[in-house]
Each structure stands twice: as structure tokens, then as C-alpha cells.
Number of protein chains: 2
Amino acid sequence: MVTASTPAAGSAGRVETRHLDLPAPVRLDSGRELHPVRVAYETYGTLAPRRDNVILVCHALSGDAHAAGIAVDAPEAATRDGFGAADRDGGTGAALGWWDGMIGPGKAFDTDRYFVVATNLLGGCRGTTGPSSTDPATGRPYGPDFPVVTVADMVRTQRAFLDVLGIERLAAVAGGSLGGMQTLEWAVLYPDQVDSIVVIASTHALQPQGVAWNAIAREAIMRDPAWQGGHYYGTDRAPDAGMGVARMVGHITYLSAPALHDKFGRRLQFADDIRYTLTEPEFEVENYLRHQADSFVKRFDANTYLTMSRALTYFDLARQYGDGSLTKALDGVLARTLLITFGSDWLYPPATSQEIDAALRALGKPSELHLIDAPYGHDCFLLEERRQTPIVRRFLAGL
Amino acid sequence: MVTASTPAAGSAGRVETRHLDLPAPVRLDSGRELHPVRVAYETYGTLAPRRDNVILVCHALSGDAHAAGIAVDAPEAATRDGFGAADRDGGTGAALGWWDGMIGPGKAFDTDRYFVVATNLLGGCRGTTGPSSTDPATGRPYGPDFPVVTVADMVRTQRAFLDVLGIERLAAVAGGSLGGMQTLEWAVLYPDQVDSIVVIASTHALQPQGVAWNAIAREAIMRDPAWQGGHYYGTDRAPDAGMGVARMVGHITYLSAPALHDKFGRRLQFADDIRYTLTEPEFEVENYLRHQADSFVKRFDANTYLTMSRALTYFDLARQYGDGSLTKALDGVLARTLLITFGSDWLYPPATSQEIDAALRALGKPSELHLIDAPYGHDCFLLEERRQTPIVRRFLAGL
């Protein structure tokens, strides 16, 4: 429970996504350089005169810079669907930010105290340069010619962006899932610029089953003839069919089996009986999946999906920085570490967070791990604000 | 362990799939009638003069009548891949039967003693009438006009087939996964004709997550434009892309996360490093999935996949026969029941087998449940012969 001294939690208010062009090319792990790079971002709260109250919040696969508050052009107070939210965008212009429950006055990331910054990731499709952006070499969208980027590339882009804002140090970097990977990457790449990291429902390397699910999602997109090798921009076709399947796969992996049981069970779409049809939904969960797929393809770019999915499967701290040793990879970390993981999260199971915690402790570095028993699977990081909030507030108060 | 008195296990030998035309139409749950119906089948062992040694073995989603032995036209001794086998067909003409480890002289289903019969299911694509069969009304393949069938329809077809063979009673019905559903259906539909049932890695109703996975697999097929609403026969296109994705989804759900970890880990396809590619496999598990997809589409019909998947999601004993009560549904069962389930099987988790066992016991009916701790997930029913064999032999010896 939030302690009695906690102020009433409020909204970050109306916010607008802004854009900033980086002054220099971004050098990528692949050896390529990318220029120009534009970064979409939002901020919440007030930057302290000493610029020592900045928290960078990093989004997951299909998130964006709209992490909190209500979009300035949203027609009315937005609501949250509250289920199946792990890559909810919040960027529809009408919705609350994807982590609105965690960011705001009196919330876990308290905007009365901190200046919270969120950016859309490199490779994104919500304002930051990505595959759907114009390639200056051709005047057309990059499409499949957009470079394959890594989590480190995303973090270097965030670093360059913060340089422009005149922000050198971060009081904290925080994120869930792919956002947690960026958070870890920050602590490794820029150890003396990060005071603390909050890594939620994440890992130092996706487990093989997660690699497989991501591969299946990408195959579903790339096998759709409408993908056209990635050159679908400006044609009258887009790989909506494959994207829908990718979304369905993702969706089920974000939820736990018990959550699906509680939410849908085996309830039929038409209460009277089965209707002997292959093509129409018979069970409520079938209809729900189709709805999720249809709404996702309207708001997300397929090539960005491929890019994000590839980056998160590549991410592997031990391979990148430790010659196979996680301990070696984390040897230079200076940030205090908070890890939160969820017992029902089978996509990012607690074991790898425990490995991070153990490695940091073995190195004598400050780390704390909280295993929360909540039923929603990977989506917990978006849904379980109530139990995450006191943990995060207490951790940040120790800064 | 197999007891010392067990004879050395051997092969069912060279076998040939035969075909039989049913004399009368099959009446379906949907209200439709199907005629003609041809059934592909194999038999192993010798029918006793009193015809009291018959075991019917039922296959899973993508199996066929070739359950044991080596196909008569196989060029040489066949081998098994031994991994990712849950819907291995065994029907390529060169492979061992899909349950060869369980059926043969001295094996779990001992052909020195029993006359084992296996049929390809109604709706199949391996010799039994299904969507790729010729519709007598049009002279063309049924395609999407093939009726939507249920597990009960499959069992009624098996019943009609055995009538032609002059087999009234079954010493046992046995099967895993969808095969276990048929087995349960036999005990409910024809209680006085079944002495015992062996239900392995199965359920009285697929859990909602399993319903979702099956829906995603079917969506992947039906969203492939080459599916053409099911009318792809005789065109130069087939929904191989979507079938491949369906197969990948199925494949991962048949395996456990630890099995994937042990088999592939995060090993890269090219040992030196990542190659920054979206379109090519980077991890061994990605390459493996693609290979599985490619080989599956060569041997299996997409409309049959849809048909089988729909039947197994419909299956729900409590809904069909108990007004929502499993106990009521099982009230008429007379067969002795053996349930085998596997701790790592997250697609057909042990809980529902435990529910069957509890319901039968509450009704005072003989039931035994064995929970085997083996690591291969749902595929265990095909791979863990060593531990299943003594359980099944002991159970059958009690007949």
C-alpha cells in the first residue's frame, strides 16, 4: 500500500508529443550511420535548476513517447482497457499514456519531484526516425533499407537526445520489457551518468522460447505477400493480415493462462451453442483476438514491429559485454538497481531477473529484487501499478 | 522400468495403409450427413478368434493411420527426429509410425497380444474422407464445403468402420492429445463397448489459452490470400505461408520452455556473431522453426488443419453431455480409465486430467492418474515411451 504520507496521485495532465532533430549522425552497432535522426518525446514535471531530477522512461515493443497524461488533442478524458496492455500504445491521440498509472503527481515516478522524459525509440513509427521515415538518399521511406538497430543503438539515440536538452546525468532510467533492456543497457554503456535503474519484467537476454515467439511474429509479417519485401509504403497494400497474426501471438504471450481463464474461460461467442463454423469466432477469446489484431494494425507500422522485435531478441548483455559472462558484463555498473518481476510472467520469467540480481550482488553492487505475485503475466508491468508504486517510490527516495 | 518378464520390444514390421468405404452415410453433429466416407487404416498384430483383443489407437491433430511399423513402400529403415514430434505424421511413406515406440511386439500396446487398429480421422488428408476429397455433388474437392466435424463425428466414423470389420467391443481405446479426446468420447458415446481407455496428455476441454493458440494458427492459414476461402485445390497456389506460421505456433506450444533452452539456448545460427538481418535466421531456434514449417506444408492439407483444430477446440465433455458438469458427463462411463499427464505439458496441463480422475472417482468408477515429470512438454506423449510403457502394460494386464 502507498504510505499515508503519499500525496493523492494525480494526472500528468494534458501533454503534447514534441520533436527534436539530433545535430549529428547516430553511429550504429551494425557499422552504419543514420542521419538525420528525429526524436519524438514528452516530458512531465519540472526540470530542477541543477538538472539532477531527470528520470528517463523507456517504452516496450509497440509503445511510444506518450507515456503519461492525456494527449493535448484528445477529445475527452481517456480510459484504459486494462487488459492485454503490454504493448498498448497510448498514442492514439485519445488515450492515456501507456504508463499513466506510474507517472504523475504522487505516483511511482512522481512528477512533483522528478522531471520525467519519454522518447519514442529509434526505429519507431510514432515520431522518431524509423523504417517509415524518409530516406534522404532516395526521398522515399526507408522500408527494409532502414538499418537493423540494437538496444544499444536506441540508448545511444536517447543519449544524443538528452545532450541536446542539456541533461547529462539521470537520476534514474526505468522501463519494462524491452524498456527494461534499454534501462540495463544504459547502466552498462553510461555507468557514470546513471544514478539508478528500475528494470521491470525484463531480462538480460530473452529466453529461447521468447526468441521463438518473436521469430513467429516476424515470419507472420514477412510471409504476408502484402509486406512486399518491406516496400509497402505508398502501395495500396500493407501486411495487415500478417501483422494481425503477429499481434495475436504477442498478445497471448503477454498474458498468463490463468488470466485468460478468468477473463474468457471457454465462453462461447453466441451463448446458445456452437455454430459449426471455421471462419467465424466461436469462443469469446477468438473474437477478442481478432479485435486486438484489427485495432493494432491501424496504429502500428509493420517494419517498425520487425525492427523492435529483432532488437529485443538480439539483446544479450553477456554476449555483448561479457564474453558470455553476465557478471563480467555488469562489472562496470555504478547505478543502484531495482528489479521487479512477476510470477505469472512466462515470457520474461523471474529467473533471469534473479540472475541479474545475483550477478550484481556477487560484484558487491547495490541491487534489490521484488517478485510480485500477480496474475496478469507479462502485462503486469503495465497493470500492477498498485503494488509496484510503493516499491519504486521507496527505491527512488533512497537516491 | 519394464519388468523382467517383458519380452524384448520389436517392430510392428512393414505395414501398409489400407482403405475401406463405409456402407452408410455418417450423421454429423452439425446435422449434415456425409457420404461416401472412406477410412484409411492400419492394423498390427492378430485379431483373436473371439475378437476380444482389439485396441483402437487414435491420432492427434496432424497424424494419420500409420501409427506403427515401417511403411511397406519405405525405401529403407526409417529414423525418427525425436524432437518436436507432437504432430509428426509418420505418414511420409518413409518414416516410422507416429507411435512406433508404443506399438509393437513387447511394447506398451503389445501386438503379440493385441490387435491394434489405427485409422486416419474423419476430415483428414491421409486417406480418410476430408476437405481434399471429392465432393460427389460437384465432382471437385470439398474445400470449405466440407462439413465442420466434431470429435464425436470422428468417433462415430471409427465406430462405423469397426462395424464393417466385425469388431463390436474394444479392449481399449488409446490416444494422446486430440487422440485422448476421441478416447474419452468413445467411453461416453459407447460405454458398453469399451473395456478401458488410455488417455494421454489430453483433456476434457482445451483450456482457453489452447483455444487461443488454435485460433491464431487457423487465422494464420485463413489470412493467407493463397487460402482463397478454402478453394485452393487445383489452383497453382496453396496457403503454405500461413500453414508454416500455424505449424510454428503449434510447434512451440508442443514443447516446454526448458526443452527449448536445452536444445537451442540462444545459440546463433552463425557462430561468429549476429549479422544484422531481419529476413534471415540469426538464432538456431529461428532456423529450426523455418525448417519445421517448410517440411510440414509439404505433407499436410490446410483445410484439414482447420478442421482438426476446430474439432479439438469444440471438444468439451461437460458442455456436450453434462449441462456444464463434467461429473454428469462421465456418469455413464463403464470403462476402466488410465490417465497419463506430463508436468511440463503447458498446452494440456495436468489439471484437467486431474479433474477427469476426480470426477470418475467421485462416481465410484475405476480410474488411475499418472503424472510423469518429463521435460519435453506436450510432445512427451510421443517421446516418453520408456516411462509410459510399464504404466500402460500394467494397466492393460489388469483387463
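Below, chain A is the first sequence line, B the second, and so on; all start at residue 1.
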Under 3.5 Å, which donor-acceptor pairs link side chains of residues 205-217 of chain B to any protein atom two or more places apart or in another chain?
| unit_1 | atom_1 | unit_2 | atom_2 | d |
| --- | --- | --- | --- | --- |
| B:Q207 | NE2 | B:W346 | O | 3.0 |
| B:N214 | OD1 | B:S309 | OG | 2.8 |
| B:N214 | ND2 | B:G210 | O | 3.0 |

Heavy-atom pair count under 4.5 Å with chain B, highest-scoring of [options]:
options: A:E284, A:E282, A:R275; value: A:E282
options: A:L289, A:L306, A:T279, A:I274; value: A:I274
options: A:P281, A:G265, A:P349; value: A:G265

At a 4.5 Å cut-off on heavy atoms, which part of [X] comes close to chain A: side chain, backbone, both, or neither?
X: B:R32; result: neither
X: B:M222; result: side chain
X: B:V285; result: side chain
X: B:L278; result: both

- Query: Relative to chain A, which of B:I252, B:D240, B:L28 shows the most heavy atom pairs under 4.5 Å?
  - Reply: B:I252
- Item | Among the listed options B:P258, B:G242, B:S256, B:A241, the residue most often paired with chain A at heavy-atom distances under 4.5 Å | B:A241
- Any idea how B:F283 and A:Y314 line up, ring-wise: parallel (<30°), tilted (30 to 60°), or perpendicular (>60°)? tilted
- Task: Just jot down the ring-ring contact (aromatic ring centres under 6.0 Å, His included) partners of B:Y142, sequence neighbours excluded, or say none.
- Result: B:F146
- Task: State, yes or no, whether a side-chain contact exists between B:D29 and A:Y276 at a heavy-atom distance under 4.5 Å.
- Result: yes
- Message: With a 4.5 Å cut-off on side-chain heavy atoms, are A:V148 and B:T277 touching?
- Response: no
- Is a donor on one side and an acceptor on the other found under 3.5 Å between the side chain of A:R266 and the backbone of B:T313? yes
- Salt-bridge present (B:E286, A:R218; N to O < 4.0 Å): yes
- Residues B:D224, A:R223: salt bridge by 4.0 Å N-O rule: no
- Would you indicate whether A:R267, at its atom CZ, is surrounded by more than 12 heavy atoms from other residues, nucleotides or ligands within a distance under 6.0 Å? yes
- Write down the atom of B:E280, the atom of A:R310, and the distance for their closest heavy-atom approach. O-NH2, 3.2 Å
- Item | Residues of residues 225-232 of chain B near chain A, each having a heavy atom less than 4.5 Å away | B:P225, B:W227
- Query: Looking at CG of B:D316 and CG of A:L268, how far apart are the two atoms once the value is rounded to the nearest 0.5 Å?
  - Reply: 8.0 Å
- Sorted by chain and number, sequence neighbours left out, side chain to side chain contact (heavy atoms under 4.5 Å, CB included) with B:T304 holds for B:C125, B:P131, B:F300, B:D301, B:M308
